[in-house]
Number of protein chains: 2
Amino acid sequence: MTSTQRYLEMADILEAELAHVPVGAQVPSEHVLAERFHVSRPAARAALQELERRLLVRRVQGVGTFRRGRVEYVISAHFPPSFSETVRLAGAEPASRLVSCGVRRAVEQERARLQLQPGAAVWTVERVFSVNGEVAAYATSVLPRRPLLNLDRELGDEVSLHRVLRRRYGLTVVRARYRISLDVPPQGIAEHLTGGSRGPVWLAESVNRAAGGPYVEYARTYLRPDVLDVTFEIEEETH
Amino acid sequence: MTSTQRYLEMADILEAELAHVPVGAQVPSEHVLAERFHVSRPAARAALQELERRLLVRRVQGVGTFRRGRVEYVISAHFPPSFSETVRLAGAEPASRLVSCGVRRAVEQERARLQLQPGAAVWTVERVFSVNGEVAAYATSVLPRRPLLNLDRELGDEVSLHRVLRRRYGLTVVRARYRISLDVPPQGIAEHLTGGSRGPVWLAESVNRAAGGPYVEYARTYLRPDVLDVTFEIEEETH
DNA sequence: CAGTGGTCTAGACCACGGG
DNA sequence: CCGTGGTCTAGACCACTGG
């Protein structure tokens with residue numbers, strides 16, 4: 001048996017209809033749906049919000065409600081540790097914007113992860129990543145300052161931090177440790193990532209090293225689950 | 001600057017107050033909060049729903065709103081592939097309930113993953129897992145029928161499928177492949193897992209083998225992110 | 001400017017759970 | 001039974017976006 005609640009019944013009907021709607025197409029507005037189903041606007045609104053919770057639509061104030069499609073984002077040993085390359089593999093268009101880049105002393109946690117001396121200085125690089133024009137991720141990278149003098153100047157407008165490390169410093173970055181969980185981002189990051197709204201999002205933490213060398217990056221990346229269909233996989237080694 | 005919206009301002013105030021509230025304690029009701037903040041009940045309700053989205057509280061119809069705490073659930077190569085053991089490691093009390101156990105022919109996807117002959121028969125075992133009395137996960141296990149005759153009888157009231165495999169069939173189960181993503185569960189599973197509400201939840205897929213032997217299990221497990229603080233981690237091998 | 005979604009009011013009735 | 005949260009109405013005003 002189906003829902004006895006009106007707005008869930010509406011959501012189920014609309015979900016079935018949405019199966020044939022192409023990604024990006026506009027969905028009827030709250031006002032139109034209220035008229036069609038003979039309910040008040042708050043009830044129609046609840047139905048659209050339910051569809052948003054099911055990751056089927058995207059809502060933008062002042063513009064409308066649209067069919068959503070998620071972009072596949074696969075994390076595994078076989079893929080390089082780069083946002084841009086991972087997104088391009090799914091056939092989508094990545095973009096990135098530098099939020100800040102500066103130097104400060106490493107805190108205890110960062111020293112431990114990067115195996116630095118007490119009092120060591122580190123770069124902190126904050127970036128926002130987008131996919132097809134929509135904000136999808138927010139990353140904080142911490143890198144030792146020592147072998148990477150002038151990183152801020154070398155970065156410039158470059159989209160890819162790892163490309164700079166490879167081309168300017170001769171470092172090929174590989175994953176050493178990786179962990180992923182689901183967390184509610186702090187307010188400052190939620191503002192960049194979701195416009196202030198704070199639901200749970202992916203939190204990926206990775207410690208990367210130069211191939212055959214020392215640790216060079218500790219990164220914390222928040223990823224929006226409604227935009228990115230993240231899959232994280234491991235396989236046993238074939239002996 | 002803080003929120004200009006009343007309900008978000010309330011949520012921020014309540015979030016700060018909740019920091020000192022023990023897990024499980026009751027939170028003021030919608031009615032009480034509406035009075036305290038001089039707003040209508042829908043506005044007070046919106047504030048509590050915002051706290052629920054931030055995973056800070058748990059709401060139960062007819063009972064009340066309570067401070068929530070998540071149980072740590074770590075998935076890695078170092079931990080055994082067992083729900084019960086993983087939960088107990090975090091100091092919480094696991095429970096499980098058998099929903100169904102039967103035999104049918106394997107579908108294409110299952111045949112490929114378990115490396116079975118065309119037309120092979122498989123067991124399907126469906127279970128609900130709880131933590132501290134709250135539903136936390138729903139698992140579907142598919143196992144080859146051939147070496148596991150009478151699995152239904154052997155299972156009985158046993159909580160742990162893997163314990164049965166070890167004690168009755170002499171099989172120690174280890175992970176071969178594991179992948180995790182975030183998905184909206186189908187309606188039938190959402191009913192068991194969240195009482196019908198359909199937001200995104202963890203979906204863990206694992207292919208397990210008998211130590212040094214053939215594949216014995218393909219499992220699809222849905223896990224509630226509000227109940228379980230799932231962390232999935234990999235480390236490079238130390239050579 | 002018109003149309004969208006975001007917030008809010010002041011009520012109403014219902015479903016549920018516990019005493 | 002009462003109090004809880006869940007649903008719903010019929011309006012209102014606002015913020016935002018686009019033409």
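Note that this is a predicted model, so its numbers are computed, not measured. Below, chain A is the first sequence line, B the second, and so on; all start at residue 1.
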Closest non-hydrogen atom pair, Ala44(B) against Met10(B) | CA-CE, 3.9 Å

What are the two closest non-hydrogen atoms of Val142(B) and Arg104(B), and how far apart are they?
->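 Closest pair (atom of Val142(B), atom of Arg104(B), distance): CG2-NH2, 4.5 Å.
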
How do Tyr7(A) and Pro28(B) order along DNA chain D: which one's closest nucleotide is nearer the 5' end?
->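 Mapping each residue to its closest nucleotide by heavy atoms, the 5'-most match is Pro28(B).
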
List in chain and number order the residues that pass side chain to side chain donor-acceptor pair (under 3.5 Å) with Ser181(B), two or more places apart in sequence or in another chain; answer none if no residue qualifies.
-> none

Side chain of [X], backbone of [Y]: donor and acceptor closer than 3.5 Å?
| X | Y | result |
| --- | --- | --- |
| Arg6(A) | Phe37(A) | yes |
| Arg67(B) | Leu18(B) | yes |
| Arg224(A) | Leu193(A) | yes |

Residue pairs involving residues 16-28 of chain B (criterion salt bridge (charged side-chain N to carboxylate O under 4.0 Å, His left out); sequence neighbours excluded) =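 Counting only pairs at least two positions apart or across chains, the salt bridge (charged side-chain N to carboxylate O under 4.0 Å, His left out) contacts touching residues 16-28 of chain B are Glu17(B)-Arg36(B).
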
Only counting residues at least two apart or in another chain, list the ones meeting side chain to side chain contact (heavy atoms under 4.5 Å, CB included) with Val63(B).
-> Val60(B), Phe66(B)

May I ask you to decide if the ring planes of Phe232(A) and Tyr178(A) are parallel, tilted or perpendicular, using 30° and 60° as cut-offs?
-> tilted

Mutual orientation of the aromatic rings belonging to Trp202(A) and Trp202(B) [parallel < 30°, tilted 30-60°, perpendicular > 60°] |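 Trp202(A) and Trp202(B): perpendicular rings.
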
So which protein N/O to nucleotides 15-19 of chain C N/O distances come out below 3.5 Å?
residue	atom	partner	partner atom	Å
dA15(C)	N3	Gln61(B)	OE1	3.0

If you walk 5' to 3' along DNA chain D, what is the first nucleotide with an atom under 4.0 Å of a heavy atom in chain B, and what is the last?
->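 Nucleotide range with atoms under 4.0 Å of chain B: dG3(D) to dT7(D).
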
Strand-adjacent residues in residues 34-59 of chain A, judged by heavy atoms under 4.0 Å from DNA chain C |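 Within residues 34-59 of chain A, the residues near DNA chain C are Arg41(A), Arg45(A), Arg59(A).
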
